Peer 1: 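Before I ask anything, let me first share the structure, which is written out below as structure tokens.
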Amino acid sequence: MTGSTIHIAPLLRHCCKLVCILLLACCISPVFAKDGDKDGDNDEDPKFDETSILVVLQGLGGTEIPAVVKDETAYLSITDVFNFLKIRNNLSESMDTLSGFYISQDAIFLIDKKNNRIRFRDKVFNLGPEDLVKMETGLYLRTDYFNKVFDLSCQFNFRSLSVNVISKAELPAIREMRQQVIYRNLNKLKGNIAADTTIGRSKQLFKFGMANWSVVSTQRLQNVSDTWFNLMMGGTLAGGEATVSLNYNNFAKQQLSATHPDSNIVRPFDQRQQYYRLRFVNNDRPWLRQIIAGKIFTPTIASLFAPIVGVQITNTPTTHRRAYGTYTLSNFTDPGWTVELYINNALVDYTVADAAGFYTFQVPLMYGNSQIRLRFYGPWGEERFQEESINIPFNFLPAGEFEYTASAGVAEDTAHSKLGRVQVNYGLSGKLTVGAGLEYLSSIRGANTLPFVTTSMRLVSNLLFSGEYTYGVRARGILSYRTRTNFQAELNYTRYRRDQKAIIYNWLEERKAIISKPFFRKNFSLFARLTVDQIILPGSYYTTTEWLLSGSLYKVGTSLSTYAIFIKDENPFVYSNLALTFPIPGRIMLTPQAQYEYNSNRFIAVRCEAGKYLFKNGYLNVSYEKNYRTGITNYGIGLRYDFSFAQIGFSVWRNNNVTTLVESARGSVIHDGKAGYTGVDNRSSVGSGGVAFVPFLDINNNERYDAGEPRVDGLQLKHNGGRLIRSLRDTSIAILDLEPYAPYLFELEPTGFESVSWRIRKPAIRVIIEPNQLHRIDVPVAVQGEVSGVVYLKEDTVLKEQAGIKICIYRSDSTLVKCILTETDGYFNYMGLPPGDYVIQPDPAQLKKLKLKTLQPAYNLHISSRKEGDVIDDIEFILERK
């Protein structure tokens, strides 16, 4: 070349130097690997892109997990995957090994980065250089090896940066979720569900709530007539539960006027028949839960048959504790009478006495002292207000719990006896409860102070013992045994001190044995009971036995009772009572009954009744009765009709030469001005509580009922207990007959609303029921807006629906409302936006990872407050690759 000179040798020398430097760099680069990567791994090769991937497990949901991606192949953080699946794992400090066990403890695994292998159970899996990657945050495994080693299928979708996980075995996370569902269902049954809102009691100065009324008028032609009236009222006074019962009977006035025309002593209102009580309850205060003033109930050792006016304090809760068994309670009343069982003034069960008047209950044995009462209602309006107080002899408390009851008052007897009683109980263990107390009654001659001790113990699983010793009065014990087949045997023994004055009977001993067993088969049921009761008197004794069979066979009710009375030096007296109930043509129920005396081998009485239901709520009966011992013949006809507001009855009876007319009626009234509810019923209501749900359309979205906001119909709810009544007039829902002071959970559902855009924000509401009150609960129904659209990926000129794109909705103040993923066809939808302004856009972080951009960065949304809801369904996002 002219004008220039090229020197080849120096150029060759420079090239050789450059090659040597490159070779040296390749040799020494593993020594200077960054961050301790001394093994020379190419873990931080720029080809590995760090990101996060959505891992979805069917039945559990999804979560974001750290990952790295190389050439559309994903590597997942093993620690994060196993933590998500609840797999036990432990990463070493050097992050070279990961160990643990997979599902079961015998399935041990070891993931070793230094040796590039995985040991699982008895197998060893050798890995390639890029199958297991070590990063600053831990070890990352290629997705296909999760399936090869652990049989955990991980299907990676590069477009949506998501992994769908499928496992043939039940993973710990799935098992835990399944158990949580079971626990939630159990908690639903028990009412132990986390509520969105809890509504407590509202203590008011005065408020009327409920009233029961009943009247029975009897006209005996050519004889004395009488009228009996009862009015029971329940409400709130000074924040406490107030109950007043007024009883009027002019029978005493009629008799007195006939025998003493000039007498001015007329007592239609007998003070002892009137009832009044004020009770303050706070079950959250363990040292004093109840204060009761007025007519109080307290069991006494001494014989006291008059009502007591006084004060009672106790830390016994009003609500039921957990039941640990049952106790059979059975007795006789009049045939066809309704018997209601109350525990702590709450109705828990009811039954109808059979043709012989027999009834039975399985009373739940509760922890603590439970007050058991029975109420009796006759078919023609009769009602017994003298409630029988049944004392369950077993009184168990949880271990370490202390309970007391203190009472003081004056008895309404001729001597105005002063009464004081204190009793304490303590649970030494779950199987043993001990107690002690002191009772004082001024009318006892001599020793009027009675100290006593008690105990209740569970000897074995089904064997209970209860004992009581009262100094100078008596000692008694009860042994009860019950099997799983409901066979029950009970032994009761009481020994009295000969010269005691507290109990009016002169008994020395009382022995009692009861054996009972129910039998159930298809089209057959039977309850059998044998009772032997013996009383030892000074110089004498008498024994009574009863053998009872009561049941049904193919809709034929049968009751057979055989009684025997044995008295010292006298012949036993034995008789049987047989009663049947069976249908005959015309839908008539026939009830024949006969009494047979074995001593004289003759029938002593026969009775037959025919009854038929009329117009669904009416009942007509005709009866005939003949007593051969007294020569009295009775026959009559009666009609009863159950209206929605009252039960009305009328009957005519002919007894030899006397005709008797009886008219009866009973019902109840519920009024709550604040709740806007006034209702009537044909059953008693006083003592119970209720709630009234008032759903309304919350147009202004302030969760308060404002003027002009309309009521809405179609509210559905789940509740445990009570009686539901819907009002067609104002769309409210009332639930009555709930236990007072108890918490109830109500789950509200919008499935019955006329618009799918109507939603309830707080569907789980827990309410503490107030006695004699109807608690109003306003239910705001929010109008929810809906937004939907499609996401496309533009490749060249073709638009393809894009799945797995995260679409985020923000409020106008930039706070996140919700992020949703597009479906396989690119469609997304979300309902639940209250009226207001919003911004919707694809998630920028996800787009950056996917190296995508959107032609329309965001849309401004405005959800209007229209009654039918607002729908925006034209949102469209088009994505392009950067």
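This one's a predicted model, so the numbers in the text were calculated from it and none came from an experiment. Residues take their numbers from the sequence shown, with the count starting at 1.
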Peer 1: Do Trp547 and Thr545 have side-chain N/O donor and acceptor atoms under 3.5 Å apart?
Peer 2: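 No pair is found: no donor N or O on one side chain lies under 3.5 Å from an acceptor on the other.
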
Peer 1: Within 45 degrees of the axis of the six-membered ring of Phe519 and under 6.0 Å from its centre: does Lys517 put its NZ or CZ there?
Peer 2: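 Geometry flag: set, cation within 6.0 Å and 45°.
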
Peer 1: Please check: side-chain N/O of Gln593 versus main-chain N/O of Cys608, any donor-acceptor pairing under 3.5 Å?
Peer 2: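 No; judged by distance alone, with no hydrogens or angles, the pair does not exist.
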
Peer 1: Can a side-chain donor-acceptor contact be found between Gln647 and Asn682 if the only test is distance below 3.5 angstrom?
Peer 2: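 No, no side-chain donor-acceptor pair sits under 3.5 Å.
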
Peer 1: Is there side-chain contact between Thr298 and Gln312, with heavy atoms separated by less than 4.5 Å?
Peer 2: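 A side-chain contact under 4.5 Å exists here.
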
Peer 1: Using a 3.5 Å distance criterion without hydrogens, assess whether the side chain of Gln595 forms a donor-acceptor pair with backbone atoms of Ser576.
Peer 2: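 Checked: no pair found.
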
Peer 1: Apply the test salt bridge (Lys or Arg N to Asp or Glu O under 4.0 Å) to residues Glu490 and Lys512: give CA-CA distance (whole Å), side-chain angles for both, the deciding distance (0.1 Å), then the verdict.
Peer 2: CA-CA 8 Å; Glu490 182 178 304; Lys512 190 174 185 178; over 6 Å; no

Peer 1: Taking side chain as C-beta onward, heavy atoms only, is Val606 less than 4.5 Å from Tyr628?
Peer 2: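 Sidechains of Tyr628 and Val606: in contact.
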
Peer 1: Do Phe487 and Ile515 have side-chain heavy atoms sitting under 4.5 Å apart?
Peer 2: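 Yes - at least one pair of side-chain heavy atoms lies under 4.5 Å apart.
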
Peer 1: Anything under 30° is parallel, anything over 60° is perpendicular, the rest tilted; go ahead and classify Phe643 against Tyr641.
Peer 2: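 Taking Tyr641 first and then Phe643, their aromatic rings sit tilted (interplane angle of 30° to 60°).
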
Peer 1: Are the side chain of Asn212 and the backbone N or O of Ser685 linked by a donor-acceptor pair below 3.5 Å?
Peer 2: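 Yes.
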
Peer 1: How about Phe573: does its CZ atom have over 12 heavy atoms from other parts shown lying under 6.0 Å from it?
Peer 2: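 Correct, the count exceeds 12.
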
Peer 1: Hey, does Tyr541 have a side-chain heavy atom less than 4.5 Å from the side chain of Glu509?
Peer 2: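 Counting from C-beta outward, Glu509 and Tyr541 never come under 4.5 Å.
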
Peer 1: Do Arg474 and Ile503 touch side chain to side chain, with heavy atoms closer than 4.5 Å?
Peer 2: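 Yes, side chains in contact.
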
Peer 1: Would you say that Thr243 contacts Asn772 through its side chain, given a criterion of any heavy-atom pair below 4.5 Å between the two side chains?
Peer 2: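 Yes, their side chains come closer than 4.5 Å.
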
Peer 1: For atom NZ of Lys431, is the number of surrounding heavy atoms from other residues, nucleotides or ligands below 6.0 Å larger than 12?
Peer 2: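 Result for NZ/Lys431: open.
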
Peer 1: Within the 3.5 Å criterion, strictly below it, is a donor on Ser552 or Ser525 matched to an acceptor on the partner's side chain?
Peer 2: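 Yes, Ser525 and Ser552 have a side-chain donor paired with an acceptor closer than 3.5 Å.
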
Peer 1: Mind checking whether Pro592 and Phe582 have side chains closer than 4.5 Å, heavy atoms only?
Peer 2: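 The answer is yes; the side chains approach within 4.5 Å.
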
Peer 1: As an exercise, state the distance from CG of Leu463 to CG of Leu479, rounded to the nearest 0.5 Å.
Peer 2: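 Spacing of CG (Leu463) from CG (Leu479) equals 4.5 Å.
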
Peer 1: Please examine the side chains of Arg683 and Asp737, heavy atoms only from C-beta on, and report whether any two atoms are closer than 4.5 Å.
Peer 2: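 Yes, at least one pair of side-chain atoms sits under 4.5 Å.
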
Peer 1: Would you tell me whether Glu468 and Thr470 have side-chain atoms, one donor and one acceptor, within less than 3.5 Å of each other?
Peer 2: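 Note: Glu468 and Thr470 side chains meet the donor-acceptor criterion.
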
Peer 1: Report the relative orientation of the aromatic rings in Phe603 and Tyr596; use parallel for angles under 30°, tilted for 30 to 60°, perpendicular for over 60°.
Peer 2: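 Because their plane-to-plane angle is over 60°, the rings of Phe603 and Tyr596 count as perpendicular.
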
Peer 1: Where do Arg666 and Asp642 land on the salt bridge (Lys or Arg N to Asp or Glu O under 4.0 Å) test, with the steps shown first?
Peer 2: CA-CA 10 Å; Arg666 67 177 182 185; Asp642 296 337; over 6 Å; no

Peer 1: For Thr318 and Asn283, which I'm curious about, is there any donor-acceptor pair between the side chains at under 3.5 Å?
Peer 2: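 A pair is found: one side chain offers a donor N or O, the other an acceptor, under 3.5 Å apart.
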
Peer 1: According to the interplanar angle, ranging from 0 to 90°, do the rings of Trp507 and Tyr496 count as parallel (below 30°), tilted (30 to 60°) or perpendicular (above 60°)?
Peer 2: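 Rings of Trp507 and Tyr496: perpendicular, as their planes differ by over 60°.
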
Peer 1: Do any N or O atoms from the side chain of Asn462 and from the backbone of Arg482 form a donor-acceptor pair under 3.5 angstrom?
Peer 2: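 Yes; at least one donor-acceptor contact below 3.5 Å.
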
